[in-house]
Amino acid sequence: MREAVRSGWARIWDRLAASDPGLLRLTAGLRTVAAIALTLAVLGVLGVPVPQLVAGAISAMVATFAIREKQRPQQAVTLALGLPVALASVSLGALLNQRVVVGDLFFVVLIFCAVYGRRFGDRGTALGLVGFQIYFLSLFVHATPATLPALYVVITLAFGCAALTRFVLLPQTPAGTLDRLRRAFRARLGQLFGTQLELLDAGPDDVDKVLEELRTRTARLHETALMIQGRLADGTADEATARLLQRRIADAEIAAERLGLLLLTARSAERTDTLTLHLPGAPLPSGGELPVRDGATAQLRRDLAALRLLVMRPAGEASGTALAHLRNRLLGYREEENLPKASPAVQDVFRGIGEAGRAVLGLRIALDGPQDESDDTPATARSREELDAEDAAIEGSEEDEADKAEPAGLGRPTTRAAVQVAVGSALAIAGGELLSSQRWYWAVLTCWIVFINTSSTGEILVKGYRRLLGTVLGVVAGIGLAGLVGNHTWTAFALVLLFVFTMFYTAPLSYTLMSFFVTAMLGLLYTLLNTYSLSVLVLRVEETALGAACGVIAAALVLPIHTDRRTNDLLVDVLEKLADVTRAAADQLSGGLPVDLVDKARELDQALADLRAATQPLTHPVTPLRSRRNTARYVMALLETCAYHARSLAATAELLPTHASIAADPRLRTVGRRIVRNIEAIAAHVAEPRSAATIETGPSIASLLEPGTLRSPRYGRVTDRVLRHLQRLDEAVSGLGRPLGVTPEPRVR
């Protein structure tokens, strides 16, 4: 019974870890709710009036979510500095809120300083948030000089409760967060293998649905890998451990993605284009039943289930002869052991399972420590030797990072954003005063919020639209909730806590949902302050629309960065990093000196993630430019395809110093140069559309290399894989030229 409960809890935990990597959303929601609840409990015991309860709740929320540093000492310093900033801000708000002109001018200056402070890192961002939000609090509760002593006590208690919650009740360390992210990666990897198993059995009517799920789970696995990348430096004991974990995560991700492509190819009449896995809505080239015979389908099903079991089985339950037998069988496929009689495409799937099994073995060693070797077969022992050799090579390597110079003056993003939001806020104050002399600050708050984490006019427009939609829906909910709650103060506060949790839990998933919960919560706060009415909530919608409009106007007219310019700059960055990875991988595969390719590949992935976020205004469902949306989606899919092949080349190249089965081929340098030249030509055209850059076409990659130099079947398989990645990368880069307007220039060799 105890084992069943433990197993059930492990499954629930794995699902939660997969849906919320690192439990970051859950932790943020629980910590904020706990800080507010503790503050309300202390203030309730003191018997303070409702307006001060509201002030305490908002202060505790601000003191919790504003802190962004990862290390606890840095968090403590920022929280300590935030208290005097909050006290000064509420004092100025109470003194100036009756002086319209002076108060409004100061608010604009405060907003400028708060946004400009982002250039000083997480601490500057946090202190800016505290200053702005507490000034907003003083307006919300109508603070006056007479109420300042009580508000000082309330805010100090709120900051103290936030500190107690953060450092004692719900502590969070970088190492703990990284450990939960590891579990999330493992859970999402297991889910991806489960979806691949579904793809194996999917009929013609279900294959498109399963394929879409495969795309989604592949993207989620990649997302978790990037999150781990951002936490390695703070969450590991030393650089060697961080680099080892980075490599094992990359290996597992690449092996899982490759296995999915091999399964898609096995389901098709011809080799599946990698684009199928990256372009939303793209169908399988030719669906149908898996072309296998002699029980290969049942064997594939069994081995995919075994692979998923190896990933999901907890470290304490990973021992035993049965599990070792499954592991040995999968790793044997790397040595051509027990391959069934089937089509070459299906045999490739079994080899892919073997490579995935080897990646899972490396991942388990990196995450859980040394494994039991008593039941190893020769194939498993060779895989362990390869992993040990890679570990030794990783520990002996050095990392060299160069700092990038940031533009100065108005070219600096923080300066530009500060000027834009200050102008937008001035417009929002003027317009908000016309709508309501009492609640004009809602327009300013919306203008402020739509600028957070946005970099172009299009992003601000989409964020403003989502906030307005969530606000309208929240007003409808607030009307109903206010009628239900009535004068029940603590019931209203309980609902406020619920909405605060859901607000933080849904914020990374849906800005519309977050805005909905914020507005519903505000309806309850208005009820507590006895200022609730339908006209107040309608005014909230009007002020929100006004603030969003002012933000868009300021972004479009004041030092604008148009979406096209923003996406073009990021696209050039992606192409430059793609060229770097391709050049370095091809050079190392052709016998050049080893470099840190995994870091280069991760830099490419991060640049691609930034571009994906920036193209959201172009791919948003409400955009009227459908052809432009389709082009943006197609270009992003091609870039995802290029990144996958570049990652795979980088991973293979890094095996050269430690694997006798992989031989360098000097002719690959010439092949790589052609691809790199084409990438650089496209980047030059995107940066300067009037340039005469062209891409070079010619014979296929495989035809450029004469056969017969590689001696063993294993050499042949590895080289065939390298050539396949180079060929697909060459095709994808050439494909990028068409939608981006780069003309091909045939070249006869």
Side-chain angles (χ1 to χ4, degrees), residues 19-21 24-29 32-33 61-62 64-66 68 114-115 118 125 129 132-133 136 216 219-220 223 226-227 417 420-421 424-425 428 442-478 496 498-523 537 540-556 561 563 566-567 609-623 629 632:
S19 64
D20 178 15
L24 298 179
R25 291 185 285 121
L26 180 66
T27 302
T32 307
V33 167
M61 182 173 67
V62 172
T64 304
F65 79 76
R68 300 184 178 185
V115 176
R118 284 158 41 179
T125 302
L129 277 171
F132 172 82
Q133 295 288 355
F136 171 83
T216 300
R220 287 177 178 172
E223 172 196 23
L226 286 178
M227 293 174 72
Q420 287 177 325
V421 74
S425 298
W442 289 121
V444 182
L445 180 65
T446 298
C447 183
W448 157 281
I449 288 177
V450 297
F451 272 95
I452 295 177
N453 297 326
T454 54
S455 304
S456 69
T457 307
E459 290 179 75
I460 291 169
L461 181 61
V462 170
K463 194 170 184 180
Y465 152 77
R466 289 172 174 168
R467 183 168 183 85
L468 181 59
L469 177 60
T471 299
V472 171
L473 297 175
V475 163
V476 175
V496 165
L498 175 62
F499 289 151
V500 166
F501 174 80
T502 51
M503 177 178 70
F504 281 93
Y505 194 79
T506 59
L509 303 178
S510 171
Y511 188 71
T512 301
L513 271 178
M514 188 201 76
S515 301
F516 166 80
F517 289 119
V518 168
T519 305
M521 176 189 70
L522 289 173
L537 291 182
R540 161 107 173 120
V541 174
E542 294 172 345
E543 297 278 5
T544 298
L546 175 66
C550 291
V552 172
I553 291 170
I561 294 186
T563 304
R566 168 73 174 164
T567 53
D610 294 339
L611 177 61
R612 191 184 305 111
T615 57
Q616 284 185 359
L618 302 178
T619 58
H620 196 273
V622 300
T623 180
R629 181 183 68 179

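For the single chain, residues carry numbers from 1 onward in sequence order.
- Atom CZ in Phe516 sits 8.5 Å away from atom OG1 in Thr502 (nearest 0.5 Å).
- To the nearest 0.5 Å, the span separating OG1 on Thr216 from CD on Glu223 amounts to 11.5 Å.
- The heavy-atom pair separating Gly547 from Thr446 by the smallest distance is C-CG2, 4.0 Å.
- From Gln616, atom CD reaches atom CG of Leu611 across 11.0 Å, with rounding to the nearest 0.5 Å.
- Between Met227 atom CE and Leu24 atom CG the span is 4.5 Å, to the nearest 0.5 Å.
- Put simply, the side chain of Phe65 reaches to within 4.5 Å of the side chain of Gln133, judged on heavy atoms.
- Not a single donor-acceptor pair under 3.5 Å links the side chain of Arg466 to the backbone N or O of Ser515.
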Before giving the answer on side-chain contact (heavy atoms from CB on, under 4.5 Å), spell out for Glu543 and Leu546 the whole-Å C-alpha distance, their side-chain angles and the decisive distance to 0.1 Å. CA-CA 5 Å; Glu543 297 278 5; Leu546 175 66; 4.1 Å; yes

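- Between Phe517 and Leu498 the shortest side-chain heavy-atom distance does not fall below 4.5 Å.
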Could you go through the side-chain contact (heavy atoms from CB on, under 4.5 Å) check for Trp442 and Val541 one step at a time? CA-CA 9 Å; Trp442 289 121; Val541 174; over 6 Å; no

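- Among all heavy-atom pairs drawn from Phe504 and Gly29, the shortest one is CB-CA, 3.9 Å.
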If you apply the rule side-chain contact (heavy atoms from CB on, under 4.5 Å), what do you find for Tyr511 with Ile449, and how did you get there? CA-CA 11 Å; Tyr511 188 71; Ile449 288 177; 2.6 Å; yes

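- Between the CZ atom of Arg467 and the OG1 atom of Thr471 there is a distance of 5.0 Å, given to the nearest 0.5 Å.
- Residues satisfying the side-chain hydrogen bond (donor to acceptor under 3.5 Å, both in side chains) test with Arg68, not counting sequence neighbours, are none.
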Does the pair Leu509 and Arg25 meet the rule for a side-chain contact (heavy atoms from CB on, under 4.5 Å), with working shown? CA-CA 10 Å; Leu509 303 178; Arg25 291 185 285 121; 3.3 Å; yes

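- Looking at Tyr505 and Leu513, their side chains never come closer than 4.5 Å, going by heavy atoms from C-beta outward.
- A pairwise comparison of heavy atoms in Ser425 and Cys447 identifies N-SG, 3.6 Å as the closest pair.
- Within the model, atoms CD of Gln420 and CD1 of Ile553 stand 13.0 Å from one another, a figure rounded to the nearest 0.5 Å.
- Nearest heavy atoms, Cys550 versus Gly424: CB-O, 3.5 Å.
- Between Val421 and Val450 the shortest side-chain heavy-atom distance does not fall below 4.5 Å.
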